[in-house]
Amino acid sequence: MIRINPHYTKLQSSYLFSTIGKKVQDFQSANPDKTIIRLGIGDVTRALSPSVIQAFHKGVEELSQDTTFRGYGPEQGYDFLREAIAKIDYQDKGCQINPDEIFVSDGAKCDTGNFQELFAQDVSIGVPDPVYPVYVDTNVMAGRTGAFMNGRYEGLVYLESTKNNNFVPSPPSAALDLVYLCFPNNPTGAVATREQLTEWVEYARRNRSLILFDAAYVEFITDPAIPRSIFEIPGSKEVAVEFRSFSKTAGFTGTRAAYTVIPKECMAWDDSGKDYSIHSLWNRRQTTKFNGVSYPVQRAAAQVYTPQGQREIQELAAYYLGNAKLIRETMIDLGFPCTGGINSPYIWVETGTNSWEFFDTLLEKTAVVTTPGAGFGTCGEGYIRISAFNHREKVIQALERISQSMQT
Ligand SMILES: *Cc1c(COP(=O)(O)O)cnc(C)c1O
């Protein structure tokens, strides 16, 4: 008899987006003439940029000739891409990261999800609340938690992000072994200052913990005072791993390309106190379970690092940030306190009522879809997340509908 991994039975069905989907479908059936506007999704809507498409095509062409054909590539990514990433994203910005510390992958979701398997079963884990669910569910699957009770898994430490701390949790007094941080944050849109990240790095150094830093939204940071990388913080290279993605920054959500930075100084220990390089462990893991990202996709990703590619992704980010500004300003004008939407494509709106009720009312009155904050964790109750990933006209139309509905 084939028996199930018992930890899977603890998982909550991912009811958030399926419930939203069902509610939207029911609404559309009941109101076939209404045009729904989706500001709930975390997916981009604008096409890959012209020069990225060109590089992508060229990569495909190379596969059509025996002389330029490529089969299996290096599991860690091609040098041309690792070198471009190290130079443009790190060295040019003052972070000493080498190309061989970059692991190219098919997604920050997979990497943030898989990384936990390098560590012991009984490490203590801190996750933000509200949270990108991948960090939590992958640790549940691995058996590092107890049951789900009152909206939380037993055995995890929830780092509460509320208006009292401006949605940036401080390190707890307890010594956690593994800490997940995400800035600019999904779902709150909050960013961490240099001082706040320094506190976390010092905490990790004191406790020999590891910070898993998810920077999937880095390209939306416009404030020069906000660190773009955890590696801007002195001492971070011994205690942090950083995840980045081409998904939100360059429109690769369907194309799939991302990378993880693991400094060689980063260590984990066995029970006897012997140290192991996390870089080597991840390399061992990747060469066993992963066969790299397709060549044309890596060529497309490398195009992002040319001057033209950089201009194109900055234009893309500016477009979504323009939407975010409109959303933020409108919601504030309507009397809803907001965070995010400045260095982030997400606006976290304090509704003053239950998340789901607010979501339902908004859908009913305006046919605009948002995401109820409660779906991201207990601290998300009383909020909705509005996403700036949509076409400008749609955003403007959605905001007009919302404004009108609030005035009647
Ligand atoms: C979208 C997103 C990712 C990106 O995932 P990919 O797998 O690279 O598409 C990672 N982290 C967060 C918080 C996200 O919202």
Side-chain angles (χ1 to χ4, degrees), residues 14 16-17 38-46 48 52 77 81 85 89 102-116 126-139 159 161 167-169 179-192 211-221 228-230 240-261 286 290 292-294 297-298 300-301 304 313 316-317 320 324 339-341 343-348 370-371 373 375-377 379-380 385-390:
S14 78
L16 176 60
F17 289 99
R38 292 169 199 274
L39 299 180
I41 42 168
D43 197 358
V44 298
T45 54
R46 288 192 61 197
L48 293 173
V52 165
L81 179 55
I85 292 168
D89 280 345
I102 313 274
F103 291 82
V104 176
S105 81
D106 59 351
K109 181 183 192 175
C110 334
D111 286 359
T112 54
N114 290 327
F115 217 80
Q116 46 74 31
V127 292
D129 179 2
V131 67
Y132 178 60
V134 174
Y135 317 149
V136 173
D137 287 0
T138 51
N139 277 293
L159 308 166
S161 314
F167 304 95
V168 180
V179 176
Y180 291 81
L181 296 178
C182 174
F183 294 109
N185 189 264
N186 178 11
T188 69
V191 287
I211 297 171
L212 298 182
F213 191 78
D214 185 343
Y217 295 93
V218 63
E219 243 22 91
F220 297 93
I221 296 177
R228 295 170 58 89
S229 168
I230 189 82
V241 167
E242 182 162 290
F243 303 92
R244 291 202 190 180
S245 173
F246 295 87
S247 285
K248 316 295 169 35
T249 57
F252 276 57
T253 49
T255 310
R256 313 306 305 144
Y259 65 87
T260 292
V261 185
Q286 288 297 80
F290 182 60
V293 176
S294 90
V297 169
Q298 293 194 59
V304 167
I313 63 160
L316 208 56
Y320 292 127
T339 190
N343 296 290
S344 158
Y346 297 126
I347 300 90
W348 191 239
T370 57
T371 313
F376 296 101
C379 292
R385 186 191 75 176
I386 305 184
S387 159
F389 291 127
N390 214 322

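All ligand and atom numbering here is 1-based and tracks the order in the structure.
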Using a 3.5 Å cut-off on N/O to N/O, what pairs does ligand 1 make with the protein? A line per pair would be great.
from     : atom 1 : to     : atom 2 : distance (Å)
ligand 1 : 7 (O)  : Ala108 : N      : 3.2
ligand 1 : 7 (O)  : Lys109 : N      : 2.9
ligand 1 : 7 (O)  : Arg256 : NH2    : 2.7
ligand 1 : 8 (O)  : Ala108 : N      : 2.8
ligand 1 : 8 (O)  : Ser245 : OG     : 2.6
ligand 1 : 8 (O)  : Ser247 : OG     : 3.4
ligand 1 : 9 (O)  : Ser247 : OG     : 2.6
ligand 1 : 9 (O)  : Arg256 : NH1    : 2.9
ligand 1 : 9 (O)  : Arg256 : NH2    : 3.4
ligand 1 : 11 (N) : Asp214 : OD1    : 3.4
ligand 1 : 11 (N) : Asp214 : OD2    : 2.7
ligand 1 : 15 (O) : Asn186 : ND2    : 2.8
ligand 1 : 15 (O) : Tyr217 : OH     : 2.6
ligand 1 : 15 (O) : Lys248 : NZ     : 3.2

Parallel, tilted or perpendicular: rings of Phe115 and Phe243 (30°, 60°): perpendicular

Side chain proximity check, Phe183 to Val168, heavy atoms < 4.5 angstrom: yes

Heavy-atom side-chain proximity of Lys109 to Tyr132 below 4.5 angstrom: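 Lys109 vs Tyr132: side chains touch.
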
With Asp89 via salt bridge (charged side-chain N to carboxylate O under 4.0 Å, His left out) - residues at least two apart: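 Residues passing salt bridge (charged side-chain N to carboxylate O under 4.0 Å, His left out) with Asp89: Arg244.
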
ring-ring contact (aromatic ring centres under 6.0 Å, His included) assessment of Phe290 paired with Phe103: CA-CA 11 Å; Phe290 182 60; Phe103 291 82; 9.9 Å; no

Side-chain donor-acceptor contact under 3.5 Å, Asp214 with Thr112: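 No pair is found: no donor N or O on one side chain lies under 3.5 Å from an acceptor on the other.
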
